[in-house]
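Sequence positions, counted from 1, serve as the residue numbers for this chain. All ligand and atom numbering here is 1-based and tracks the order in the structure.
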Amino acid sequence: MENRAQFGSRAGFIFAAVGSAIGLGNIWRFPAVAYDNGGGAFFLPYLFALLTAGIPLLILEFAIGHKYRGSAPLSLTRVRKGGEWIGWWQIGISFVIATYYSVIIAWALSYTYFSFNLNWGSDTTNFLIADYLKVGDTASMGSFVPGVLIPLILVWVIVLGILFAGVKKGIEAATKIMIPLLVVLFLVIVIRALTLDGAVEGLNQFFKPDWSTIANGKVWVAAYGQIFFSLSIGFAIMITYSSYLPKKSDITNSAFITGFANSGFELLAGFGVFAALGFMAAQQGVGVNEVVQGGVLLAFSVFPTIINELPGFQQVFGVLFFVSLTLAGLTSLISIVETYMAGIQEKFNVSRAKAVTFGGGLTAIVSLVFATQNGLNLLDVADYFINQFGVAMAGLFEVIFIAWFAKQLKPLQSHADSVSDIRLGAWWRISLSVITPLVLGYMMFDNLRQNLVGDYGGGDYPREFLFKYGWTVALGAMFFGILMSLKQWKGHDLSYKS
Ligand code: MET
C-alpha cells in the first residue's frame, strides 16, 4: 500500500474543496456573466448546467479520486489505460491558469495597500491602466512593472509555503482559516452594499429577466463555462483533492455541499455587486446598465469608484473588498498548483519538496510575463482561450472517456454509493453519458466555428498575437498532455487495487 498524504477529516476536505471552488470567478466573473446573458433569465441555463453537469461531474471527480487514489493522470490511467493524457492535459490547463491567476491576486494585494490612502484617485480606470499596470501596446513586452512584480513574489511565497507544508498541515490548515474569514468579511461588504441608496434598483436590474436571450447558444455556453470554472471541474483539481480523502468518507453529500456553497457564494456576490452598482448609478444619476462592467475593470476600476463614493469608512471597505478577493484567489490558486505537485511527485517519484521547488518555481517564473507592461493584454487573451478551449473541453473528454470508452459510470456509482448517504440514481448516469456530452459537444463545435469565423476581441488584438498567446497556449496544453503520457512512470503501481 502506498503511503498517501491525507486530509485530517472530511470537514478539512470540504473546506479545501469549497476554497478551490470559491474564487475570483465567483466575485468578478459571475455577476457580469449573469447580467450579460439575460439577468434573471440566466438562472435557467445556469441551474440546468449546475444540476446536469456541475454537480454530477463533481461527484464523478470525487469518486475517481477517492477510488483510484492518485493525481488526475495516475487516477485516469488506473481507470483505464489510455486515460493518462487527459489528466496531463488538465494539468497543463491548470499550469496556464496558475500563471495568470496569481497575477490577479497580486493586483488585489496592491489594491489592499492602495485602499489605505485611496491612491487610485478619481479617474480609477486611468490609474489602473496607466499608473498601476503601465499598459503598453501588444507589439512588445515592455519592461517589468515593479508594482506588480513585488506583490506577485509575495503571492508565490505564500502559496508555495503552504504547499510545501503538505496536505494536512498546509492546504487544510490554511483553508480552514481563510474560508470562514472570507465568508465573514464578504458578508459585511454585502450587508453594507444592500443598505446603500440605489441598491434596490441595482438588484432589479440584475434579476430582471430578459427571456429573449434564452434560445441563444452563447447564453448556454456562458452558463456551462461559468459552472466549470467556478466549480473547479475539468482541470484535475477535484480528482487530486479527493485522492487525499480518508477511505471511509462520504462523497456524494460532500459534492452537494461544495456545489451549493459555491453557487450560494456566487449569488451572494451577485447581490453585493449589483447593490453596489445600483448605488454608484444613483450617485452619478445614470442607469445601472451604464456602469456595469465585468472582470478586471469591475474589480479594479468600478469598485474603487464605488469605494470613493461611500458615505463613510471608505478605507475600511476598500481593505475588506480587496482582502476578500485575495483570500478567495489564494485558496483557489493553492488547489490548482496542487494538481501538478501531485502529478510530478508520482510520475517522477520525487518528494513533495522537490515538486514544489521545481514545479511551483517554474510557474512562478512563467507568471512573471504577466507582470510586464503587456501583462493585461496577455492575461485577457490567455484567459479567454484556455477557458474556451481548455477547461470545458477537457471536462467533455473526461466524461466521454469515463462513460463511453472505459464504461465506468456504473462501477463508480457503486463506489460512491458504498460510502455515501445519498444514493445516485439514473439521473446521474444519464446526465453524464447523454446530456452533458450532447450539450457540451454541440457547444464546443459551435464555439470553435464562431472563433474561426471572427477573431476574439473583434479586431482589438492582431491575429499573430491571438495565435501566439491564445491558440498556441490552449493547444499547447493538450500537446503537453500527450507528450507527458508517453513517458514512463517511475516506480508507481499503475494498477488499481481496492
Ligand atoms: N474555481 C475558481 C474560481 O472560481 C477557479 C479555479 S481554481 C484557480 O475562481
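Relative ring orientation between Tyr111 and Tyr132 is described as perpendicular, the plane-to-plane angle rising above 60° on a 0-90° scale split at 30° and 60°. Between Phe43 and Tyr46, the ring planes are perpendicular. Angles over 60° get that label, and only those under 30° would be called parallel.
For the residue pair Asn451/Tyr384, the side-chain donor-acceptor check at 3.5 Å is satisfied. For the residue pair Glu338/Tyr244, the side-chain donor-acceptor check at 3.5 Å is satisfied.
Applying the salt bridge (Lys or Arg N to Asp or Glu O under 4.0 Å) test to Arg10 and every residue at least two apart in sequence or in another chain returns nothing.
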For a distance cut-off of 3.5 Å, show me each N or O of ligand 1 paired with any protein N or O, plus the separation.
unit_1, atom_1, unit_2, atom_2, d
ligand 1, 1 (N), Ser20, O, 3.1
ligand 1, 1 (N), Ala21, O, 3.0
ligand 1, 1 (N), Phe229, O, 2.9
ligand 1, 1 (N), Ser230, O, 3.1
ligand 1, 1 (N), Ser232, OG, 3.0
ligand 1, 4 (O), Ala21, O, 3.1
ligand 1, 4 (O), Gly25, N, 3.4
ligand 1, 4 (O), Asn26, OD1, 3.2
ligand 1, 9 (O), Leu24, N, 3.1
ligand 1, 9 (O), Gly25, N, 2.8
ligand 1, 9 (O), Tyr101, OH, 2.6

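Of the candidates Phe127, Phe303, Phe321, Phe127 is the only one forming a ring-ring contact (aromatic ring centres under 6.0 Å, His included) with Phe114.
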